[in-house]
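I have a structure I would like to understand better, so I am pasting it below and will then ask my questions one at a time.
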Amino acid sequence: MDRKRKVDITGLGSTSTPAEDAAKKRNMGINPFTGAPYSRKYYDILEKRKKLPVHQFLDDLMDKVKNNQTVVVEGETGSGKTTQIPQFLVEAGYGAIGEGCVACTQPRRVAAMSIANRVSDEMDVNLGDIVGYSIRFEIKNGPRTILNFMTDGMLLREAMNDPFLAKYKCIVLDEAHERTLATDVLMGLIKEVLKNRPDMRVVVMSATLDAEKFQKYFDNAPLLKVPGRTFPVEIFYTPTPERDYVEAAVRTVVQIHKCEDPGDVLLFLTGEVEIEDACRAIRAEVEKSQDPTKEGELAVYPLYSSLPPAAQQKIFREAPGPKFPGGPVGRKVVVSTNVAETSLTIDGIVYVVDPGFSKQKVYNPRIRVESLLVSPISRASAQQRSGRAGRTRPGKCFRLYTEQSFKEELLEQTYPEILRSKMSNTVLTLLKLGVEDLVHFDFMDPPAPETLMRALELLNYLGALDDEGSLTDLGNKMSELPLDPQLAKVLLASPDYGCSNEVLSIVAMLSVPQVFMRPKEAQKAADEAKAEFAHIDGDHLTLLNAYHAYKQNGGSKDWCFSNFINSRSMVSAENVREQLGRLMGRLELRMVSTEFTARDYYTNIKKALTAGMFMQVAHLERSGHYLTVKDNQVVSIHPSSVLDNKPVWCMFEEFVLTSKNYIRTVTGVQADWLVEIAPHYFDLENFPECEAKHDLEAVYRRKDKSQQRPK
DNA sequence: CTCTGGAGA
């Protein structure tokens, strides 16, 4: 079929392009997508849309897009770029029913959903028809969809089965400055795809500061700058460095409350515990020196992602009013992690307190450990934080560091995630995408060679890659599962050990946020509740017990509550389990169980786990502490573990560096299984001299003897 | 004795 043909969709006998026809209809007051006259609401929104700064740049943008495969848009907050530019592209014909689609990626699911919702209103269509979204667990689009908002990770998934992204005529990468892992991989991939798709267009949208880097990366793509619409924010620095940033932050918040004009406060801290402590400290401080005639009430709200939604909603409450008629009005302060930096916008914030720290992931390829470390933020991040004070009116930002350290010590940009992460999953994805030469893949910021080597090594040990570096059949299957390679391998191995049903439950439980809750005010009760699920062999089977108990109690929320189980995590585990189960079906894996009363019911499960986790094993030394196998890191079993019989060998899910080196989610294993299931890894020829090796030697000797013995 | 920022057909 001739894709360039001119069609007459208006019935007016014209021979113009579909885009021109659609424009004609639009001018006649008819929605070209529905054939119905535009609603009143459409015109109301249209008036507002036309006032957005981005509107003036429409012609310039379309001109640039027409003449260049890639265009970089630098747009500040409030410019309207995210909602308007995808629509402009659709109107220009880059999306047409049955012909091709405009995709717009977002780093976060809520963003993809809410923008799709907003844009479908603006276009006067039903969400899921012309405008849709795809995020994990929820695809809301259809055959007529021509504008699809999606998470960057979702587009990457799609690319695995559609390497040329044939569905899409135009791809908008929004929030590219956030440099998520998925966006970085997509950019490298899209650069390749563009060579084979001269018709394809890409719009890379980024906040200020780093647009040039994107331009350069995309072969000097033209830049369009769109101003934002925000209010000025006055910045204050401390004259000397603060020793204790939490204490300084609490002091500053109290100071603002006592001395500044009405307006809400946003304080950035690094994590849940720190935030809860600070909230208590602020409340106590204010209570201590309260003078109700001079200052109003102060409402303090914590905010972090693991907070239940109802508690998160509190941050949107109005600040408290005056306590008595004519008294001073109250104020609210939100003490938040980085979620409030990008994901969540709170209106009415006038004061921002920024101690200059956040928790960031760091990866050490030498010991293969990813951990979260409290680190100084970047200048870009500091700017983003201060901007939060000027959304509704002019504001103030108090930076609890010196101006000099802002200028001289902070990095310009936060290191992109790709330089701070394990690459095993990404490498598997890239291989599945057909990228064979990883070293020469055009990353915007190439990860350290050692990190890539570590990933290849891991995939090879798991059997996903052969010795030539090609994806094996197993590797292909692993790439289909939205799991880390180790867990993918566990799942794929589980039918061979007769326990895919149980392993699927465990893997699902491992893929969701912390299931066992332990509120500070009820630690003992929580520990007792958890003990009811404890399995003597370790945390993996304890998770399985909890899952089964949850199912037996009908997934009841009340049951979760009284057993200190996080019911949101359980719901999410059910979703994950369902999705993985579907994928297993597609991969033709059998769903089987060992008879519960059989002696090897639990052994089989632990063996299946070992089949993927054998590289994360620790050995108990004679000195009484554990050493990780091959990496020789001294570790302790995390106090949250149910394991208290100190098995000689144990496998663990994660390595956490906090007050000590901990291994978390731990299960005891037998040395025999290790040499039986992963002989290539526990091969004594390549094993560093250590106590673990001596133990293994004993296992091999025993094996040899039993093999020699005549039957 | 425990401290997880975001995200994933």
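Throughout, protein chains are lettered first and strands after them, A, B, ... in sequence-line order, and every chain is numbered starting at 1.
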Quiz item: Hey, which of these two, A:Q514 or A:L583, hits DNA chain B nearer its 5' end, going by closest nucleotide?
Solution: A:Q514
Practice problem: Name the nucleic acid region contacted by A:S659, choosing base, sugar-phosphate or nothing; use a 4.0 angstrom heavy-atom cut-off, strictly under. | Solution: sugar-phosphate
Practice problem: State which of B:dG5, B:dA9, B:dG6 makes the closest approach to the side chain of A:K359. | Solution: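 The closest nucleotide is B:dG5.
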Exercise. Looking at every strand, decide which applies to A:Q106 at a 4.0 Å heavy-atom threshold: base, sugar-phosphate, or nothing.
Key: nothing
Quiz item: For B:dG6, does either OP1 or OP2 sit under 4.0 Å from a side-chain N or O belonging to A:S305?
Solution: yes
Exercise. Nearest whole angstrom, please: distance from the C1' of B:dA9 to the CE of A:M584.
Key: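 After rounding, the reported distance stands at 16 Å.
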Exercise. Could you work out which one of B:dG6, B:dC3, B:dA9 sits closest to the side chain of A:K361?
Key: B:dG6
Self-check item: Length of the CD-P vector between A:E175 and B:dA7, whole Å
Solution: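 The distance from CD of A:E175 to P of B:dA7 comes to 13 Å, rounded to the nearest Å.
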Self-check item: Touch class at under 4.0 angstrom, heavy-atom based, for A:R586 against every strand present
Solution: base
Quiz item: Whole-Å distance between B:dA9 P and A:M150 CE?
Solution: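 Computing the A:M150:CE to B:dA9:P distance gives 10 Å.
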Practice problem: Take atom CG of A:N575 and atom C1' of B:dA9, then tell me their distance rounded to the nearest Å. | Solution: 13 Å
Quiz item: Can a salt bridge be assigned to the pair A:R388 and A:D354 using a cut-off of 4.0 Å between side-chain N and carboxylate O?
Solution: no
Practice problem: Look at the side-chain N and O atoms of A:T151 and state whether any lies under 4.0 Å from the OP1 or OP2 oxygen of B:dA7. | Solution: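 A:T151 to B:dA7 OP1/OP2: no side-chain N or O under 4.0 Å.
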Practice problem: Between A:I135 and A:E274, name the one whose nearest nucleotide on DNA chain B is closer to the 5' end. | Solution: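 Nearest nucleotide further toward 5': that of A:E274.
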Quiz item: Between A:L155 and A:I171, is any pair of side-chain heavy atoms under 4.5 Å apart?
Solution: yes
Exercise. Just compare B:dC3, B:dC1, B:dG6 and give me whichever is closest to any side-chain atom of A:T658.
Key: B:dC3
Exercise. Kindly say if A:Q360 contacts the phosphate of B:dG5, meaning a side-chain N or O under 4.0 Å from OP1 or OP2.
Key: no
Quiz prompt | Results of ring pair (Phe, Tyr, Trp, His ring centres under 6.0 Å) for A:Y245 - residues two or more places apart only | solution = A:F357
Quiz item: Base, sugar-phosphate alone, or nothing: which one does A:D152 contact when heavy atoms must sit under 4.0 Å apart?
Solution: nothing
Quiz prompt | Between B:dA9 (C1') and A:K477 (NZ): distance, integer Å | solution = 18 Å
Practice problem: Kindly state each residue pair satisfying salt bridge (Lys or Arg N to Asp or Glu O under 4.0 Å) with at least one member in residues 563-580 of chain A, sequence neighbours excluded. | Solution: A:K551-A:E574
Quiz item: To the nearest Å, how far apart are A:D174 CG and B:dA7 P?
Solution: 16 Å
Quiz item: Is the phosphate of B:dA9, meaning OP1 or OP2, less than 4.0 Å from a side-chain N or O of A:R136?
Solution: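 Yes, within the criterion.
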Practice problem: Tell me what A:S511 touches on the nucleic acid: a base, only sugar-phosphate, or nothing, going by heavy atoms under 4.0 Å. | Solution: nothing
Quiz item: Is the NZ or CZ atom of A:K314 both under 6.0 Å from the centre of the six-membered ring of A:Y301 and within 45° of that ring's axis?
Solution: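 Relative to the ring axis of A:Y301, which defines the angle, A:K314 lies outside at least one limit.
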Quiz item: Quick one: do A:E412 and A:K213 make a salt bridge, cutoff under 4.0 Å?
Solution: no
Quiz item: To the nearest Å, how far apart are A:R385 CZ and B:dG6 P?
Solution: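 Interatomic distance, CZ of A:R385 to P of B:dG6: 12 Å.
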Practice problem: Report yes if a donor N or O on one partner sits less than 3.5 Å from an acceptor N or O on the other, where the partners are the side chain of A:E417 and the base of B:dG6; otherwise report no. | Solution: yes
Quiz prompt | Interatomic distance where CD belongs to A:Q384 and P belongs to B:dG5 [whole Å] | solution =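 Spelled out: CD on A:Q384 to P on B:dG5 is 19 Å.
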